[in-house]
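Here the structure comes first, spelled out in structure tokens, and everything after it is commentary.
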2 protein chains.
Amino acid sequence: MPSQSAANARKSTRPAPAGRAGDIMDAALTLFAERGYLGTSMRDIASQLGMRAPSLYNHLESKQELLQDIMLRTMENLVADHQMAVATTNDVAEQLRRAMEAHVRYHARHPREVRIGNAEIWNLEQPAQDRVRKLRRDYARSWQDVINRGVDEGRFQTPSPQLASYAMLEMGIGISLWYHEGGRLSESQLAYYYGDMALRLVSAESG
Amino acid sequence: MPSQSAANARKSTRPAPAGRAGDIMDAALTLFAERGYLGTSMRDIASQLGMRAPSLYNHLESKQELLQDIMLRTMENLVADHQMAVATTNDVAEQLRRAMEAHVRYHARHPREVRIGNAEIWNLEQPAQDRVRKLRRDYARSWQDVINRGVDEGRFQTPSPQLASYAMLEMGIGISLWYHEGGRLSESQLAYYYGDMALRLVSAESG
DNA sequence: CCTACCGATCGGTAGG
DNA sequence: CCTACCGATCGGTAGG
């Protein structure tokens, strides 16, 4: 039986690799996030693991494959968390709060993935780039749907539902740049504060 | 005599280069913003101007110099606009609105510069990188000062003035990724809507 | 402004 | 998992 909360028990759509391939992925995540995809060489990744670059090719096809795995997995998991958050209530203000909380928690927990996701889309080859763009579009559209419904029901006020949704998405992305575990604010505090700010942004009375 | 509004007449702290050097700077801005600093070669820049790469070195010292000029000029001009915006009123809600309007207008007018500024800080060599970081810190601190004063005066409500300032800064950055002149929204509409959202975010009654 | 060219580094392969 | 090595490309210089 499940021992975790619903949010934590979410099954990954695309599981992170384990074993040696997992070590390589982890080193790539750290280095791509710090120096960028083009600023990281296969020799850098191998060196982090005490290996030589050619040995990496026993575990992967190409450097590009690493980037595609990271970006597709990240967006799929973010969307999955989001859908669970909005599906667990019918109150539109509570949906918005939970969507923001899930957004913030994902960005706080996976800062490397999110930084890469936002910086490297232009370095993704097709068709992976279009798949990631579609996932982003779907995600943004779901936020707009929530805000539009809140406006229709007279619960939210905003000069532009579209701009409000952009602003909320963007607010979360910054978190991946400065948040780190063990800082002044816990992940939960962060989630509550940002949930509160999302509701204020559309002048909503909370649930 | 000045024929432009005060906001438009702001003197650049660091003027953009003119003539051939200006052409090179413009090509670099476009390419760095599209493909990134590491993804752009000196041959790419030269080719955009119908030149060969070595000829560029008659007008500049190095590729790194181009990046440093862009990032320092951008941050200095953003800070100058901001200081003018908050210095023109004593009402704290109006200060916040004008700060957001200036922030939004700068990001809408200079999308290439802002995209580079946010993506390439790790590719800036010292001491330029620290100078840009200091300018960013000063800018963020000025926003926090405004919000803190609004809270002290009982005009603003927020669970965290610091997070509110981060959220507002981040909201503007996204604009540089999707806004383009001649789109559905004019620059002024954008500025007004975001100014409104900034006040809502701290539950302020407008000035 | 050009051609010719430099040493360094890149992603990746051959072969074991 | 390694060494040895490939062709391509990089920022930049020499020399005119």
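A note on names: the letters A, B, ... follow the listed sequences, proteins ahead of strands, and every chain is numbered from 1.
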key: side-chain N/O B:R20 vs C:dC1 OP1/OP2, d < 4.0 Å   = yes

ask   = Quick one: bend of the helix from C:dC1-D:dG16 to C:dG16-D:dC1 from 5 pairs per end, to 10°?
value = 0°

Using whole Å, what does the distance between atom [atom2] of nucleotide [N] and atom [atom1] of [X] come to?
X: A:Y57; N: C:dG11; atom1: OH; atom2: P; result: 7 Å
X: B:I45; N: D:dT9; atom1: CD1; atom2: P; result: 17 Å
X: B:L67; N: D:dG11; atom1: CG; atom2: C1'; result: 14 Å
X: A:L49; N: D:dC1; atom1: CG; atom2: P; result: 9 Å
X: B:L56; N: C:dT3; atom1: CG; atom2: P; result: 13 Å
X: A:R52; N: C:dT13; atom1: CZ; atom2: C1'; result: 17 Å

task = With DNA chain D as reference, determine whether A:A53 or B:Y37 sits nearer its 5' end, using the nearest nucleotide of each.
result = A:A53

query = Taking for each residue the nucleotide of DNA chain D bearing the nearest heavy atom, is the 5' side occupied by B:N58 or by B:Q64?
reply = B:Q64

task = When you get a sec, tell me which of D:dC5, D:dC1, D:dC10 is the closest nucleotide to the side chain of A:M51?
result = D:dC1

task = Choose from D:dT13, C:dG12, D:dC10 the nucleotide whose nearest atom is closest to any side-chain atom of B:S41.
result = D:dC10

A:R133 atom CZ: more than 12 heavy-atom contacts under 6.0 Å = yes

query = Is B:S55 touching bases, backbone alone, or none of the nucleic acid, heavy atoms closer than 4.0 Å?
reply = base

